[in-house]
Amino acid sequence: MDGTLELVECRQISQMALLKNDRFLRALRREPVDATPVWLMRQAGRYLPEYRATRKQAGSFLGMAKHPDVACEVTLQPLRRFDLDAAILFSDILTIPDAMGLGLYFVEGEGPKFERTVRNAEDAAKLFVPDMETELRYVMDAVRVIRHELDGKVPLIGFSGSPWTLACYMVQGGGSKDFARIKAMALNDPGTLHKLLSVNTDAVIAYLAAQRAAGAQALQVFDTWGGVLSPAMYREFSLPYLQRIARELDRGQGSERTPLILFGKGTAAYLEDLADSGADGVGVDWLIELDEAARRTQGKVALQGNLDPATLYGSPEAIRREVRRALDSYRDGNGGSRDGHVFNLGHGMSPDMDPDHVAVLVDEVHAHSAR
């Protein structure tokens, strides 16, 4: 693998150079495309039998994510099955707090957990921005290997969790139904929470910059738990940190610019703020029509989304119908063209979804949107 990494590092190629399919990047720049590009959140996952076989061989989720060759294999699996317009790095949003020393592990049926949590000012004071080429070298190596193996077929998306979403897991110690501990911190000790969010933001900016340097051609921030906040709390504890990422992350200029997408679940109320953040794209969930989202964002950003993931439980004809409905609901803010739209689900796929239904979705997106 070392020889492969050296080869990739020596190749000083532009983001667009040698790309056989650049629909995704063109759509994020709101340029005309021959068909609406599509990729799916969690497109590499347990619904694929080849993924389950790889996971069994690797022994664990982290066993896959922390070995670049295995992460590459899992990243490429859905591209071998489906005519997708982008690949997304196989990793986890919690790599940053793990590298901060919190001890990430997974419990079957319960999801991610941390051995150590952040509950007070003393805990927050111990946090640090990890070195991206030491503590998180395995992520950067995975990006390099995947870029090499893609060989320009489609662009590669790198990603991070948002500062708020990372903080949720760091304070709670895992997932939560009510997020009581972190909301109590927001109410009782906002200074400590802001310190935690600040160091998380520094780390996210460094992490995304390192992925870009390693070869990621687009970047996405997942604010998965932004929607659990009240409007006042969202505007204090999530939005300013997303705006800071969009403002401070160096993404280049012109054709070399690396697009940034901000995705939040349950955050449609803040579309105008997200469109004004400086991001290139905004991901939307299925609780808002795309034409409304486009009207409110006024063509300032590309929109990504927004099919209800549960649609994949429908029949093939039902899937085709809902794909067409979603595509037809999109009108950009400049009079009705379909430019500036990346088709996606409104959230991630589930393990019990049928791969054949995914193929129907992807094919219908391209067929119905072909110009």
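Keep in mind that the numbers below use all heavy atoms, side chains included, and drop hydrogens, waters and symmetry copies.
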Just to verify, what does [X] make a salt bridge (charged side-chain N to carboxylate O under 4.0 Å, His left out) with, not counting sequence neighbours?
X      : result
Asp83  : none
Glu31  : Arg26, Arg29
Glu236 : none
Arg325 : Glu289, Glu322

Any donor-acceptor N/O pair, [X] side chain to [Y] backbone, under 3.5 Å:
X      : Y      : value
His357 : Gly314 : yes
Thr267 : Tyr270 : no
His148 : Arg144 : no

Sequence-distant partners of [X], side-chain contact (heavy atoms from CB on, under 4.5 Å), two or more places apart:
X      : answer
Ala87  : Thr75, Leu79, Leu150, Val154, Leu156
Val360 : Pro316, Ile319, Arg320
Asp276 : Lys300
Thr117 : Arg119

Parallel, tilted or perpendicular, as decided by the 30° and 60° cut-offs, for the rings of Trp225 and Phe179: tilted
Test side chain to side chain donor-acceptor pair (under 3.5 Å) applied to Tyr207 and Thr95, step by step: CA-CA 10 Å; Tyr207 188 52; Thr95 52; 2.8 Å; yes
CG on Asn306 to CD1 on Ile288, rounded to 0.5 Å: 8.0 Å
Approximate separation, where rounding is to 0.5 Å, of Leu260 CG and Phe159 CZ: 14.0 Å
Val221, Thr201, Val204 screened by side chain to side chain contact (heavy atoms under 4.5 Å, CB included) with Leu242, the one that passes: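 It is Val221, the one option of Val221, Thr201, Val204 that forms the side chain to side chain contact (heavy atoms under 4.5 Å, CB included) with Leu242.
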Under the side chain to side chain donor-acceptor pair (under 3.5 Å) test, residues paired with Asp308 that sit two or more places apart: none
Residue pairs fulfilling side-chain hydrogen bond (donor to acceptor under 3.5 Å, both in side chains) with at least one residue in residues 54-65, sequence neighbours excluded: Thr54-Gln77
Residue pairs fulfilling ring pair (Phe, Tyr, Trp, His ring centres under 6.0 Å) with at least one residue in residues 91-136, sequence neighbours excluded: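 Residue pairs passing ring pair (Phe, Tyr, Trp, His ring centres under 6.0 Å), neighbours aside: Phe61-Phe106.
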Carboxylate-amine/guanidinium proximity below 4.0 Å for Arg321 and Glu317: no
Residues clustered with Leu287, ILVMFWY side-chain links under 4.5 angstrom: Trp286
